[in-house]
Amino acid sequence: MFGLVDGNNFYASCERVFQPKLIGKPVVVLSNNDGCAIARSQEAKDLGIRMGHPYFQLRETHPQVWVRSSNYPLYQDMMHRVTAIIRRYFPDQEIYSIDECFCDLRGYDLLQPQSLAIRLRAEILRCTGIPVCIGVARTKTLAKIANRLAKKKAPDGVWFLDSDESEASALSGTDIGDVWGIGRRYAARLTAMGICDALAFARLPADWVQKEMTIVGLRLWKELNGQPCIPMEYTRAAKKGIGTSRSFGTPQTELPVLQEALATYIALAAAKLRGQQSVCARIQGHAHTSGFIKSEDQVYITREIKLPTPTSNTGELIKIGAWILRKIFKPGYRYQKVGVQLGDIRPESQVQQALFDPLAERRGKRAKAMAALDQINQRHGRDTVRLAVTGREQQWTMKQQFRSSRYTTSWSDVIKVRAK
DNA sequence: TCTGGGGTCCTAGGACCC
DNA sequence: TCTGGGGTCCTAGGACCC
């Protein structure tokens with residue numbers, strides 16, 4: 001059996017842990033740049049606030065809602081605490097996303113798995129303040145469905161699919177579009193054919209599913225029929241691409257500003273690259289205007305460069321990024337966003353140096369400088385040391401008007417308690 | 001005025017190799 | 001009339017996830 005532990009309204013719940021006044025109130029967490037709703041408390045859902053609901057509309061229609069900017073360091077750290085507790089109960093875990101954790105229960109001789117899950121849930125709530133639900137079933141996809149049912153109708157937050165009858169009734173009660181792996185496109189197609197719930201899908205002929213939905217669809221079909229096809233991933237694989245981009249707080253028109261922002265994102269992406277001991281052989285820069293403003297002319301500019309010698313050096317990558325932007329920049333537009341994509345990623349131990357690499361002799365020294373920079377920033381906080389081209393004032397940074405403190409990851413934000 | 005950011009996998013088709 | 005069989009690499013596009 002597989003278990004899935006999933007935080008309830010996770011971001012909103014994290015905010016509540018340190019701001020108890022938000023308990024019982026409608027809470028909405030906004031996307032980066034305070035653009036739209038990406039998490040809602042139950043009370044906010046009950047008000048009809050949708051995922052992706054634009055904030056500027058919400059402000060008018062629902063002034064009573066408590067709004068927070070997203071605070072990822074806080075959410076990440078809270079999940080870290082949650083998974084540490086889960087590990088004590090079920091050691092074989094896959095941290096699937098910032099608020100979900102799969103557990104492999106195979107090989108454990110659990111006498112009373114149901115009561116164990118209920119205890120786990122209570123302990124997570126007691127130790128972290130985060131409410132979670134737990135679904136358990138024969139495959140990961142079925143565990144996802146079990147988890148949905150736990151959220152919807154289990155008073156104790158735990159749902160087991162452990163018989164043919166319970167599986168069939170769970171599948172027939174799940175809309176096809178709510179199945180993990182069925183997105184908008186497939187949902188529309190299947191619904192048009194009269195395949196409206198997971199049970200109808202699971203009863204389709206396997207060869208039709210493979211033909212129309214590729215091997216991915218077939219795997220999903222097997223999973224729904226109780227045959228595990230999606231393996232547990234106990235360790236995080238190295239990324240094959242690393243992208244960093246942000247919207248500007250206000251639209252920007254000048255090349256130097258765009259370059260400063262791009263340099264900042266490249267520095268972030270390069271640090272991630274070094275963090276997984278990789279280098280990249282491809283860098284792509286892009287910038288675009290807002291697609292939502294119909295009255296203005298829109299542009300999307302992008303270019304990619306292949307590097308003769310793969311690198312993870314921030315300075316080298318920034319230099320290329322600046323060159324790319326200079327080449328593709330079109331004046332006269334109000335740019336909303338710039339970003340970088342690092343591709344063709346490989347282990348730093350497998351670098352093939354170009355024959356006429358002008359930096360050949362300096363590479364070792366530069367790598368040491370980067371290692372020192374990473375070490376300092378790890379120890380003393382992000383951006384303690386950074387490159388001057390990333391800017392001093394950074395007037396373009398995203399809006400975060402309602403951000404809570406980094407209660408658990410920043411010394412200056414730790415809550416102070418005084419005893420008399 | 002105002003709408004996020006980060007990923008993965010699969011398939012088909014073209015260019016090229018022997 | 002009629003033209004093999006086996007590969008690789010790359011890119012674009014389509015689907016999906018949180």
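To find a chain, count down the sequence lines: A is the first, B the second, and so on, and within it residues start at 1. In what follows, every heavy atom counts, from backbone to side chain, and hydrogens, waters and symmetry copies are set aside.
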Name every residue in [range] that has at least one heavy atom under 4.0 Å from any atom of DNA chain B, in order of residue number, or write none if there are no such residues.
range                       : result
residues 177-210 of chain A : none
residues 331-346 of chain A : A:R334, A:Q336, A:K337
residues 246-285 of chain A : A:R246, A:S247

Validate the cation-pi geometry between A:R16 and A:F18: distance from NZ or CZ to the six-membered ring centre under 6.0 Å, angle to the ring axis within 45°.
no
Stacked cation flag A:K140 on A:F2, 6.0 angstrom / 45 deg:
no
So what does [X] hit on the nucleic acid, given a heavy-atom distance under 4.0 Å: a base, only sugar-phosphate, or nothing?
X      : result
A:K399 : nothing
A:D34  : nothing
A:Q57  : nothing

Ring geometry between A:Y75 and A:Y72 (parallel below 30°, tilted from 30 to 60°, perpendicular above 60°)
perpendicular
Parallel, tilted or perpendicular: which fits the ring planes of A:Y300 and A:H288, with parallel below 30° and perpendicular above 60°?
parallel
Heavy-atom count around [X] [atom1] within 6.0 Å, excluding the residue itself: above 12?
X      : atom1 : value
A:E304 : CD    : yes
A:R59  : CZ    : yes
A:Q76  : CD    : no

If each of A:G35 and A:G241 is mapped to the nucleotide of DNA chain B with the nearest heavy atom, which maps nearer the 5' terminus, i.e. the 5' end?
A:G35
Earlier contact from the 5' end, DNA chain B, for A:Y11 and A:I215
A:Y11
Hey, does the side chain of A:D175 reach the backbone of A:G177 with a donor-acceptor pair shorter than 3.5 angstrom?
no
Hey, is the main chain of A:G315 close enough, under 3.5 Å, to the side chain of A:N313 for a donor-acceptor pair?
yes
With side-chain hydrogen bond (donor to acceptor under 3.5 Å, both in side chains) as the test, pick out the partner of A:W396 among A:E260, A:E254, A:Q252.
A:E260
Could you go through A:K399 and A:N32, starting from their C-alpha distance and side-chain angles, then the distance that decides it, and tell me whether this counts as side-chain hydrogen bond (donor to acceptor under 3.5 Å, both in side chains)?
CA-CA 7 Å; A:K399 279 184 269 188; A:N32 271 339; over 6 Å; no
What is the first contacted nucleotide of DNA chain C and what is the last, in 5' to 3' order, if contact means an atom lying under 4.0 angstrom from a heavy atom of chain A?
C:dT11 to C:dC18
Only pairs under 3.5 Å count here: list side-chain donor-acceptor contacts from residues 201-219 of chain A, not counting sequence neighbours, and write none if there are none.
residue: A:E212; atom: OE1; partner: A:R189; partner atom: NH2; Å: 2.8
residue: A:T214; atom: OG1; partner: A:V216; partner atom: N; Å: 3.2

P atom, B:dT3 versus C:dC18: distance in rounded Å?
25 Å
Please walk me through it: do A:E15 and A:S404 pass side-chain hydrogen bond (donor to acceptor under 3.5 Å, both in side chains)?
CA-CA 7 Å; A:E15 296 291 342; A:S404 50; 2.7 Å; yes
Please examine the side chains of A:T139 and A:Q227, heavy atoms only from C-beta on, and report whether any two atoms are closer than 4.5 Å.
no
Identified stems (criterion: three or more consecutive Watson-Crick or G-U pairs, under 3.5 Å), DNA chain C:
B:5-18 with C:5-18
Is the shortest side-chain N to carboxylate O distance from A:R236 to A:E94 below 4.0 Å?
no
Matching residue for A:Y407 among A:V414, A:L74, A:D77 - test: side chain to side chain contact (heavy atoms under 4.5 Å, CB included)
A:L74
